[in-house]
Amino acid sequence: IVSGSADLAEIRLARAGTFLAVAARVYDGKVTRDKTVWKGSCLEIFGSLPNELKIGQVFLAPQVDTLPAQAWRPKGDRQEPAPEILVISQPMKDGYELQALIPFAALALDPGKNDVLLEAQVSVSGKKNRKEIGTLFGSLRAYENNGKYGWFTSAVEDKTEKEITDELK
């Protein structure tokens with residue numbers, strides 16, 4: 001993800017059964033946590049199905065000091081913790097690395113469908129600690145409109161959710 005000439009993040013996405021696996025390296029000058037998740041250091045993942053208007057959204061925040069990495073889902077105009085989303089992070093000299101396993105349902109995705117639409121948005125402290133926001137596919141309001149999301153096609157795996165979560169332990 002790039003904003004102007006600055007690299008904000010590198011994102012990798014993969015299907016893992018009925019989950020979306022996310023691996024990110026985020027370049028953040030000052031990793032922070034805010035009561036409103038997206039106002040601090042945050043990676044947002046958006047999902048939708050082709051020819052559908054419904055959009056799923058999750059907020060992934062890295063570990064900050066004694067606060068562990070955590071996930072949230074929108075609820076009205078607030079965010080609520082989403083313990084069903086597995087998320088971990090590691091600090092780096094210039095930001096953080098984050099991995100997450102997100103159930104398809106949290107992103108309004110159907111595990112029986114091979115085609116999905118995805119977008120990622122990152123919020124970081126850039127130069128002079130100014131807030132910078134960038135998206136992977138150029139969406140301006142990804143939470144409202146899936147028109148610029150990336151289209152992904154995958155093969156459906158035969159693994160169950162339990163088999164996948166057991167592999168990650």
Side-chain angles (χ1 to χ4, degrees), residues 1 3 7-48 54-111 116-126 131-137 139 142-143 146 149-150 152 154 157 159-169:
I1 296 176
S3 176
D7 288 336
L8 303 182
E10 299 170 26
I11 310 287
R12 289 178 174 73
L13 305 168
R15 182 178 183 143
T18 58
F19 292 88
L20 178 70
V22 177
R25 174 173 269 207
V26 180
Y27 304 103
D28 194 334
K30 185 178 181 191
V31 180
T32 63
R33 180 77 59 90
D34 193 278
K35 286 191 317 187
T36 303
V37 183
W38 55 267
K39 289 183 179 180
S41 299
C42 181
L43 173 62
E44 296 174 61
I45 304 294
F46 302 89
S48 190
K54 186 174 182 182
I55 293 172
Q57 176 183 14
V58 300
F59 303 89
L60 307 170
Q63 172 186 335
V64 177
D65 298 322
T66 60
L67 297 172
Q70 192 173 355
W72 290 266
R73 293 176 68 177
K75 183 171 187 176
D77 61 350
R78 298 184 339 231
Q79 300 88 43
E80 65 179 16
E84 73 277 13
I85 298 171
L86 304 174
V87 59
I88 59 170
S89 72
Q90 299 80 233
M92 297 186 326
K93 182 177 76 169
D94 56 354
Y96 61 92
E97 290 182 338
L98 181 141
Q99 295 83 38
L101 199 56
I102 306 167
F104 267 27
L107 295 170
L109 302 177
D110 180 345
V116 300
L117 304 175
L118 298 170
E119 177 64 289
Q121 178 171 297
V122 67
S123 303
V124 301
S125 295
K131 181 72 153 181
E132 290 194 48
I133 297 173
T135 58
L136 188 58
F137 297 106
S139 297
Y143 59 93
N146 64 12
Y149 288 18
F152 293 81
S154 67
E157 288 189 19
K159 291 185 178 182
T160 66
E161 287 182 32
K162 182 175 180 349
E163 289 172 322
I164 293 168
T165 53
D166 285 349
E167 285 178 10
L168 294 172
K169 293 180 181 176

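Q79 places no side-chain N or O within 3.5 Å of a backbone atom of F59 that could act as its donor or acceptor partner. Between the side chain of R73 and the backbone N or O of L107, no donor-acceptor pair lies under 3.5 Å. Looking at Q63, its side chain never comes within 3.5 Å of a backbone N or O of Q90 through a donor-acceptor pair.
The shortest distance between side-chain heavy atoms of I55 and Y149 falls below 4.5 Å. Two residues are said to be in side-chain contact when any heavy atoms from C-beta on lie closer than 4.5 Å; Q121 and I133 meet this criterion. The shortest side-chain heavy-atom distance between D28 and Y96 falls under the 4.5 Å cut-off. Taking the side chain as every heavy atom from C-beta outward, Q70 and P81 approach each other to under 4.5 Å. Residues P103 and T18 are not in side-chain contact: their nearest non-hydrogen atoms beyond the backbone lie 4.5 Å or more apart. Residues E10 and R12 have side chains in contact (heavy-atom distance under 4.5 Å, counting atoms from C-beta outward).
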Given the rule in the side-chain contact (heavy atoms from CB on, under 4.5 Å) test, do V31 and V26 qualify, once you have shown the distances and angles that lead to the verdict? CA-CA 10 Å; V31 180; V26 180; over 6 Å; no

Candidate pair I102 and L60, rule side-chain contact (heavy atoms from CB on, under 4.5 Å), full reasoning: CA-CA 10 Å; I102 306 167; L60 307 170; 4.3 Å; yes

Can S123 and K131 be said to form a side-chain contact (heavy atoms from CB on, under 4.5 Å), step by step? CA-CA 7 Å; S123 303; K131 181 72 153 181; 3.3 Å; yes

side-chain contact (heavy atoms from CB on, under 4.5 Å) for D34 and T32? Distances and angles first, verdict last. CA-CA 7 Å; D34 193 278; T32 63; 5.9 Å; no

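Atom OG1 of residue T66 and atom CZ of residue R33 lie 9.5 Å apart, to the nearest 0.5 angstrom. Expressed to the nearest 0.5 Å, how far OG1 of T135 lies from CG of L8 amounts to 10.0 Å. Here the CZ atom belonging to R25 is positioned 12.0 Å from the CD1 atom belonging to I11, to the nearest 0.5 angstrom.
The minimum heavy-atom distance linking Y27 with A9 is given by the pair CD1-N, 3.9 Å. Nearest heavy-atom pair across S41 and P62 is O-CD, 3.4 Å. The heavy-atom pair separating L117 from L109 by the smallest distance is O-CD2, 4.3 Å. Scanning all heavy atoms of the two residues, the minimum distance from G17 to F104 falls at O-CZ, 4.4 Å. Residues L43 and A120 share a closest heavy-atom pair of CD1-CB, 4.3 Å. Residues L20 and L118 come closest through the heavy atom pair CD1-CD1, 3.9 Å.
Between F137 and F152, the angle of the ring planes goes over 60°, which puts this pair in the perpendicular group of the 30/60° scheme.
Other residues, nucleotides and ligands contribute at most 12 non-hydrogen atoms within 6.0 Å of the NZ atom of K30.
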